[in-house]
Amino acid sequence: MIMNESINLTSIYMTNLIGILMMIMLLFYRGWKIHTRRLTSIILQVMIISVLLGCILDPLVFWADGRPGWGNFFLVYAGNSLLYLLNIIIGPCFVAIVYKYINERISTIHINLIYILCAFEALLLLVNLFVPIVFDVSDDNVYSRRFFFWVYLTMEVVLLFDGIIIFLKAKHHGRARKYIPLWFFIVPIGIGSLVQGLSYGVSLIWPCVGISVGGLVIGLKNECIVTDRLTGVYNRYYFDNVKESLRKDHSGDFSGMMLDIDGFRQINDEYGHSEGDKLLITFAGFLADIVRSSGAVMRITADRFFILMDSFSEETLSNCRFAVLNAIEAYNRTSGKPYKLSVSIGTNNFNLKEFEVNELLDSFDKVMTAVKYGYESPVEEQI
């Protein structure tokens, strides 16, 4: 039996056991479940299962490396092929989560580029079945890397940097909040990939990816504190958080829009609270879709929402209001509901540093009251 003396099986077993235990705990306690974010939850679940499989397969292929027999040959070859396939999953999942986090659509071109990268990696593995260009397994069942092994590490780095650029660009425009642990996700993966890439016989990639995924779960769970459980938009506490996080280099200038559903109590009384909840979820959904990464939608009270725009512009407010009007008109035209959605809207520009959040909301509340009862207000509109 030919064994690679650089392989320390005991160390490999222990490091991957830690990764296995972490992923089992996340699955058992539903750590992947992010309320009101179904797609994000699915992506996290896929990442956790991928890491779990990676932490199981990596020790197995190291154990079989150099051991005689067709069974061990199959384990080394098939196991490493699956590990390379699992490696393809993590990068695109990270990019998808970043896009969902900043509430932005991923462009078709961007999606196609990611598909091309993943397809190229899969194609290399297919070619490797006939010509060993990624890795090879000798007659003695000893695994060895080939030139295109580095393509997988390179592609992983490219996709991780893709997510970083997306995040930092959004952060520069005030769109990304502080809950997602970007660097805590990147650093462990970078260290594990670098160490294992440069030194065969060390098994750190998948346990380090597990640490990164765990940090991502914690960050997204923390964000749930400022998220409304019913609608998935931000809650009142988020507004306080924004004010507290304003830095000296931020002017504090924002544009705001308060929206109040007219006759919401009557809808609850006549059609039931479940119908009222459905209306709130739908209304919050198209507000978030309109605003996307250019601001934040908050549910202040039962039927009252506030949009905090990142810009300080009458034009931005006007465009947003126009989009809301169109969305409400489309909803009333196509929903088939026995009632019509009617919303009162109050808008204004303000400096958050100059007001307490309660004072600011009270001022908008007065505008909304004026709208509802027909008083004149310089910042009102009713539909």
Side-chain angles (χ1 to χ4, degrees), residues 3-4 6-35 37-65 67 72 75-76 78-94 96-98 101 143 152-153 156 159-160 163 179-225:
M3 293 292 294
N4 190 332
S6 65
I7 297 177
N8 186 331
L9 288 177
T10 301
S11 174
I12 290 172
Y13 295 154
M14 291 300 100
T15 54
N16 283 280
L17 179 61
I18 293 173
I20 290 171
L21 292 176
M22 284 193 302
M23 296 305 102
I24 289 176
M25 289 180 64
L26 287 177
L27 288 173
F28 183 78
Y29 289 105
R30 297 172 66 85
W32 50 271
K33 186 71 174 178
I34 307 297
H35 294 294
R37 293 200 173 198
R38 185 172 178 273
L39 182 57
T40 298
S41 298
I42 293 173
I43 295 172
L44 282 176
Q45 192 175 26
V46 169
M47 294 177 79
I48 292 170
I49 293 173
S50 298
V51 173
L52 179 60
L53 291 175
C55 289
I56 292 172
L57 285 172
D58 218 26
L60 288 177
V61 297
F62 273 114
W63 175 84
D65 192 290
R67 297 179 184 271
N72 289 320
L75 186 56
V76 173
N80 276 291
S81 296
L82 287 173
L83 286 170
Y84 280 104
L85 286 173
L86 290 174
N87 187 73
I88 299 173
I89 294 174
I90 300 299
C93 284
F94 175 64
I97 281 184
V98 171
Y101 179 75
Y143 166 90
Y152 291 84
L153 286 182
E156 194 70 21
L159 288 172
L160 290 178
Y179 305 100
I180 188 170
L182 179 68
W183 298 112
F184 190 78
F185 181 84
I186 297 297
V187 171
I189 293 179
I191 293 174
S193 299
L194 180 64
V195 173
Q196 189 163 338
L198 296 176
S199 177
Y200 179 73
V202 177
S203 181
L204 282 179
I205 289 180
W206 289 106
C208 285
V209 174
I211 292 172
S212 296
V213 171
L216 193 61
V217 168
I218 292 172
L220 292 172
K221 287 287 187 180
N222 285 339
E223 191 196 20
C224 289
I225 298 173

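Keep in mind it's a predicted model, so treat the numbers as computed, not measured.
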Please walk me through it: do V61 and Y143 pass side-chain contact (heavy atoms from CB on, under 4.5 Å)?
CA-CA 9 Å; V61 297; Y143 166 90; over 6 Å; no

Hey, can you pull the donor-acceptor pairs under 3.5 Å for the side chains in residues 16-26, sequence neighbours left out?
from, atom 1, to, atom 2, distance (Å)
N16, ND2, I12, O, 2.9
N16, ND2, S203, OG, 2.7

Do you know which two heavy atoms are closest between P188 and C208, and how far apart they sit?
O-CB, 3.1 Å

Taking all non-hydrogen atoms of both residues into account, name the closest pair between P207 and C55 and its distance.
N-SG, 3.9 Å

ring-ring contact (aromatic ring centres under 6.0 Å, His included) partners of Y152, counting only residues at least two apart
Y84

[X] [atom1] to [Y] [atom2] distance, which is reported to the nearest 0.5 Å:
X	Y	atom1	atom2	value
K33	I42	NZ	CD1	8.0 Å
T15	W206	OG1	CH2	13.5 Å
L57	F62	CG	CZ	12.0 Å
I186	L216	CD1	CG	9.5 Å

Which residues pass the side chain to side chain contact (heavy atoms under 4.5 Å, CB included) test with [X], sequence neighbours left out?
X	value
S50	V46, L86, I89, I90
I43	L39, M47, C93, A96, I97
I225	Y237
L75	L60, W63, A64

Please tell me if the side chains of [X] and [Y] come closer than 4.5 Å, counting only heavy atoms from C-beta onward.
X	Y	value
V213	I48	yes
I49	L27	yes
L160	I189	yes
F94	L159	no

